[in-house]
Amino acid sequence: MTDHLLKFDNVSVIFRIGGGLGLFGSERVVALKDVSFDIPDKPGISALVGESGSGKTTIARLIMGLLRPTSGTVLYKGKEIREWVETDKERFRREVQTVFQDPYGIYNPYYKVDRVLYLALQKLLHVNDSGQATSMIIDAMKTLGMRPEEVLGRYPHQLSGGERQRLMLVLSLLIKPRLLIADEPVSMIDASLRAIFLENLLDLKNKIGISCLYITHDLITANYVADEVLVLCHGRLVEAGRGEEVIREPLHPYTRLLVDSMLLPDPRARASIGASLIDVRKLSELKPEKGCVFRYRCPYAMKICEEREPLLIEAGGTRRVACYLYEGQAV
Ligand SMILES: Nc1ncnc2c1ncn2[C@@H]1O[C@H](COP(=O)(O)OP(=O)(O)O)[C@@H](O)[C@H]1O
Ligand SMILES: [Mg+2]
């Protein structure tokens with residue numbers, strides 16, 4: 001037995017783009033480099049935070065078995081994801097569920113949502129009685145504070161983005177996965193529905209003991225739901241620890257930048273903190289080839305940061321940080 005539900009062990013993902021005919025050479029994109037973390041086998045929400053392009057969706061795709069690591073291993077309950085998909089796919093799909101940014105794509109536009117939910121219950125739980133399925137769906141909707149009469153009987157396009165997202169959580173409540181992967185689930189829904197969705201996510205943790213990897217670029221929502229926070233910068237895990245500690249006292253300058261941006265939503269105020277969040281298109285220009293990936297934007301960058309990449313070290317309790325500002329780095 002293992003005490004980890006999910007374990008990333010030194011995982012790197014390198015994409016090669018272009019140069020198919022060898023005419024222009026191919027470019028390597030290091031989407032993840034030596035990423036190690038785990039999600040314990042107990043109810044809880046781990047938030048994976050980082051700017052756009054930092055490798056968050058790549059992590060989600062690895063967990064779902066849609067992508068294999070270039071090196072390193074990804075284990076679910078001690079067994080490689082690839083093995084789950086090859087030998088026990090049905091159980092894996094039932095235990096590890098996903099909520100996408102906009103789940104519109106999974107809804108068949110010609111089916112009413114009742115039918116979409118019924119088909120999912122039939123496939124994953126072998127419920128073959130539509131009457132029984134309907135009453136299960138109604139109960140689950142009520143548990144999450146949705147009004148079945150306002151949603152059932154409609155086609156997917158007749159629902160709001162927020163309602164479609166919450167229906168994914170209704171499905172989770174019914175299927176009771178062990179691990180829920182939510183990749184930017186609230187980024188396309190408005191603020192009022194966002195809070196309700198996050199409450200529902202907490203309900204799933206508290207009522208059915210779910211573990212969740214909640215992926216977001218937004219530390220405010222992470223702060224609201226997360227027990228643990230994992231901070232990703234240019235494909236590197238730069239900080240990890242208990243949610244309230246990481247947010248109250250961020251160690252890595254990149255995490256400080258994220259926290260300051262959360263506290264100061266006004267860009268003019270942010271300009272005073274020495275570094276700033278930047279446009280996605282400029283990210284690759286701001287990523288050094290060598291040394292610490294954050295050093296071009298770091299107000300504390302030192303000589304050593306140019307030479308060698310800092311390792312993720314223990315920083316007391318469950319805290320880990322990859323930065324030369326902290327002791328224990330072999331220099
Ligand atoms: N299939 C792919 N081919 C080439 N590059 C990719 C592919 N998928 C992602 N990338 C690159 O990997 C990096 C991380 O992407 P992604 O995981 O989608 O980041 P995030 O979800 O944090 O925005 C980005 O630089 C992105 O352009
Ligand atoms: Mg993404």
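When a ligand or atom number is given, it counts from 1 through the structure's own listing order. Computed from heavy atoms alone, side chains included, the values below leave out hydrogens, waters and symmetry copies.
With Arg164 contributing its side chain and Leu159 its backbone, the two residues share a donor-acceptor pair below 3.5 Å. For the pair Arg166 (side chain) and Leu144 (backbone), a donor-acceptor distance under 3.5 Å is present.
Of the polar atoms of Val29, none of the N or O atoms is found under 3.5 Å from an N or O of ligand 1, judged by distance alone. Residue Arg61 has no N or O atom closer than 3.5 Å to an N or O atom of ligand 1. Where the criterion is an N or O separation shorter than 3.5 Å, residue side chain and backbone included, Ile17 fails it with respect to ligand 1.
In this pair, Tyr76 and Phe92 present their aromatic rings perpendicular. The plane angle is above 60°, beyond the 30 to 60° band.
Put simply, no part of Gly50 is less than 4.0 Å from ligand 1, judged by heavy atoms.
For atom 20 (P) of ligand 1, the closest non-hydrogen atom on the protein side is Gly53 N, 3.4 Å. The protein non-hydrogen atom at the shortest distance from atom 16 (P) of ligand 1 is Thr58 OG1, 3.7 Å. At the shortest separation from atom 9 (C) of ligand 1 among protein heavy atoms lies Phe15 CE1, 3.5 Å. Of the protein's non-hydrogen atoms, Ala31 CB, 3.4 Å is the one closest to atom 12 (O) of ligand 1.
Leu75 and Ile181 fall into different hydrophobic clusters, where Ile, Leu, Val, Met, Phe, Trp and Tyr residues are linked whenever their side-chain heavy atoms come under 4.5 Å apart, directly or through other members.
Proximity to Glu51 (heavy-atom distance under 4.0 Å) selects the following atoms of ligand 1: 22 (O). If you number the atoms of ligand 1 from 1 as listed, the ones under 4.0 Å from a heavy atom of Ser52 come out as 23 (O). Atoms of ligand 1 lying under 4.0 Å from at least one heavy atom of Thr57, given by number and element, are 17 (O), 18 (O), 20 (P), 21 (O).
Between the side chains of Thr216 and Asp218, no donor-acceptor pair is found at a separation under 3.5 Å. Side-chain N/O atoms of Tyr300 and Arg256 include a donor and acceptor closer than 3.5 Å. For Glu51 and Tyr254, the side-chain atoms include at least one donor-acceptor pair closer than 3.5 Å.
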Problem - Step-by-step salt bridge (charged side-chain N to carboxylate O under 4.0 Å, His left out) determination, Glu239 to Arg320 - result: CA-CA 5 Å; Glu239 181 158 1; Arg320 291 186 295 157; over 6 Å; no

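Within the structure, no pair that satisfies the ring-ring contact (aromatic ring centres under 6.0 Å, His included) test touches residues 113-143, not counting sequence neighbours.
Within the 4.0 Å cut-off (strictly below), a protein heavy atom is located near atom 4 (C) of ligand 1. Counting protein heavy atoms under 4.0 angstrom from atom 18 (O) of ligand 1 gives one or more.
Within a 6.0 Å sphere centred on NZ of Lys112, heavy atoms belonging to other residues, nucleotides or ligands number 12 at most. Open room surrounds NZ on Lys123; 12 or fewer heavy atoms of other groups in view lie less than 6.0 Å from it.
A salt bridge links Arg178 with Asp41: the distance from a Lys NZ or Arg NE/NH1/NH2 to an Asp or Glu carboxylate oxygen falls below 4.0 Å.
Protein N/O/S atoms closer to the Mg ion (ligand 2) than 2.8 Å number 1 in this structure.
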